[in-house]
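Report on the structure given below.
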Amino acid sequence: MDVRIIHFYPDLMNLYGSRANVLALERYLKGLGCEVAVEAVLPGGGTDLARGDFFYMGAGTERAAKAAMEDFARFSEPLKAAARDGAAMLFAGTAMDLIGKTVREADGSAYDGLGLASFTTEHGKRRIVEDVYGHTDLYPEAVVGFINKCGVVTGVETPLLTALDLGFGNEREQGPEGFHWKNVMASQLTGPLLVKNPKLLETAAAAIYARRGEALPVERPRDEWAERAYAVTEEQLRLRAQSK
């Protein structure tokens, strides 16, 4: 299977090792026997979104995210069409802000998001820096990650993480976090997310296959180091959550 990953603004939006999400997915897909092409989309650059199988944007500073949105707006209609068609997508960190309806800055100004979702992000002066331990409806295992944000997200009806045992969600402590619709996943967890959560990496790959009408092969690649790291992190965060 030939797979095309479209990576929006890999230089501008690359805080917290965000690019590693793409590297992990590329490696996993190649382990399944896929031919994988990764296309970087730079400000002002062109691309044919209709040929994409997975769309990704990572975390950036609030200023970088605003700059990215000035260019990202031109992809609004084709990206929403791809989402409706079941294309797999991940927006990590502040990139999640950009797929919503509106982003309000701490100084009172605001700018439009992509409109793929109807939520609103409001940036404040408080920076929220916490570990996160939560749960998703996509699979039984816990999701682990780290939050470093100054935004509160309201209006999400279908979160990626339906509940948190530890950490700050979209708008409150231990509230739901992220956004999920069809095969679109968004989360302000960093880390990077697909490296820290091997099961979520598998889920992203499964979404790519499902759009082609196929299931993941029975024999799948394993990253023992990633699995060990997840096991240690999951245990420690679970124990911390239980002790609260």
Original post:
Do other residues, nucleotides or ligands put more than 12 heavy atoms under 6.0 Å from the CZ atom of Arg222?
Top reply: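 Not buried by this count: 12 neighbours or fewer within 6.0 Å.
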**OP:** Give a yes or no on this: more than 12 heavy atoms of other residues, nucleotides or ligands lie within 6.0 Å of atom CD of Gln242.
**Re:**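 More than 12 heavy atoms, drawn from other residues, nucleotides or ligands, come within 6.0 Å of this atom.
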Note, [X] side chain near [Y] side chain (heavy atom, < 4.5 Å):
X	Y	result
Asn148	Tyr16	yes
Met89	Ile99	no
His180	Asp137	no
Pro10	Val22	no
Val184	Phe179	yes
Phe72	Val41	no
Glu62	Cys150	yes
Ile208	Val3	yes

With distance as the sole test, does [X] use its side chain to make a donor-acceptor pair with the main-chain N or O of [Y] at under 3.5 Å?
X	Y	result
Tyr230	Val144	no
Ser76	Ala73	no
Asp131	Phe146	no

Let me check something: do [X] and [Y] share a hydrophobic cluster, defined by ILVMFWY side-chain heavy atoms less than 4.5 Å apart, either directly or through other members?
X	Y	value
Tyr111	Leu12	yes
Met96	Leu189	no
Met69	Leu79	yes

Table please: side-chain donor-acceptor pairs of residues 27-38 below 3.5 Å, with sequence neighbours left out.
| residue | atom | partner | partner atom | Å |
| --- | --- | --- | --- | --- |
| Lys30 | NZ | Glu26 | OE2 | 3.2 |

**OP:** State whether Glu77 and Lys80 are salt-bridged, where the test is any N-O pair (Lys NZ or Arg NE/NH1/NH2 against Asp/Glu carboxylate O) under 4.0 Å.
**Re:**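 So Glu77 pairs with Lys80 through a salt bridge.
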**OP:** Evaluate the criterion salt bridge (Lys or Arg N to Asp or Glu O under 4.0 Å) for residue pair Lys66 and Glu70; output intermediate values, then yes/no.
**Re:** CA-CA 7 Å; Lys66 184 177 182 180; Glu70 292 177 0; 5.9 Å; no
Original post:
Of all residues at least two apart in sequence or in a different chain, which pass the side chain to side chain donor-acceptor pair (under 3.5 Å) check with Asn183?
Top reply: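 For Asn183 there are no side chain to side chain donor-acceptor pair (under 3.5 Å) partners, ignoring immediate neighbours.
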**OP:** Mind checking the OG1-CZ spacing from Thr94 to Arg63? Nearest 0.5 Å is all I need.
**Re:**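 Going from the OG1 atom of Thr94 to the CZ atom of Arg63 covers 13.5 Å.
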Original post:
Taking atom CG of Leu193 and atom CD of Gln188, what is their separation to the nearest 0.5 Å?
Top reply: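 Answer for the CG-CD pair, Leu193 versus Gln188, is 12.0 Å.
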Original post:
Would you call the rings of Phe8 and Phe55 parallel, tilted or perpendicular, where under 30° means parallel and over 60° means perpendicular?
Top reply: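 Parallel: the ring planes of Phe8 and Phe55 meet at under 30°.
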Original post:
What orientation do Tyr133 and His135 show, parallel under 30°, tilted 30 to 60°, or perpendicular over 60°?
Top reply: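 Rings of Tyr133 and His135: perpendicular, over 60°.
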Subject >> Donor + acceptor pair across side chains of Glu177, Ser187 (<3.5 Å) >> reply: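 Present: a donor and an acceptor within the cut-off.
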**OP:** Verify whether one side chain among Arg228 and Thr233 offers a donor that lies under 3.5 Å from an acceptor in the other.
**Re:**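 No, Thr233 and Arg228 have no side-chain donor paired with an acceptor closer than 3.5 Å.
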Original post:
Is there any side chain to side chain donor-acceptor pair (under 3.5 Å) pair reaching into residues 189-201, and which pairs are they, with sequence neighbours excluded?
Top reply: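 Those involving residues 189-201 are Lys199-Glu202.
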**OP:** Output every pair passing side chain to side chain donor-acceptor pair (under 3.5 Å) with a member in residues 206-216, not counting sequence neighbours, ordered by first then second residue.
**Re:**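 Non-adjacent pairs meeting side chain to side chain donor-acceptor pair (under 3.5 Å): Asp53-Arg212, Asp85-Arg211.
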Nearest non-hydrogen partners of [X] and [Y], listed with the distance:
X	Y	result
Asp71	Gly44	OD1-N, 2.8 Å
Leu160	Thr136	O-OG1, 2.9 Å
Leu164	Gly134	CD2-CA, 3.7 Å
Ala20	Pro192	CB-CG, 3.4 Å

Subject >> Where at least one partner belongs to residues 86-115, residue pairs that pass salt bridge (Lys or Arg N to Asp or Glu O under 4.0 Å), sequence neighbours excluded >> reply: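 Qualifying pairs, neighbours excluded: none.
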**OP:** Any chance you could lay out the side-chain contact (heavy atoms from CB on, under 4.5 Å) test for Phe75 and Leu49, step after step, and finish with the verdict?
**Re:** CA-CA 8 Å; Phe75 297 112; Leu49 297 192; 3.9 Å; yes
Which donor-acceptor pairs under 3.5 Å do side chains of residues 166-174 form with protein atoms, sequence neighbours excluded?
| residue | atom | partner | partner atom | Å |
| --- | --- | --- | --- | --- |
| Asn170 | OD1 | Gly178 | N | 2.8 |
| Asn170 | ND2 | Gly178 | O | 3.2 |
| Gln174 | NE2 | Asp165 | O | 2.6 |

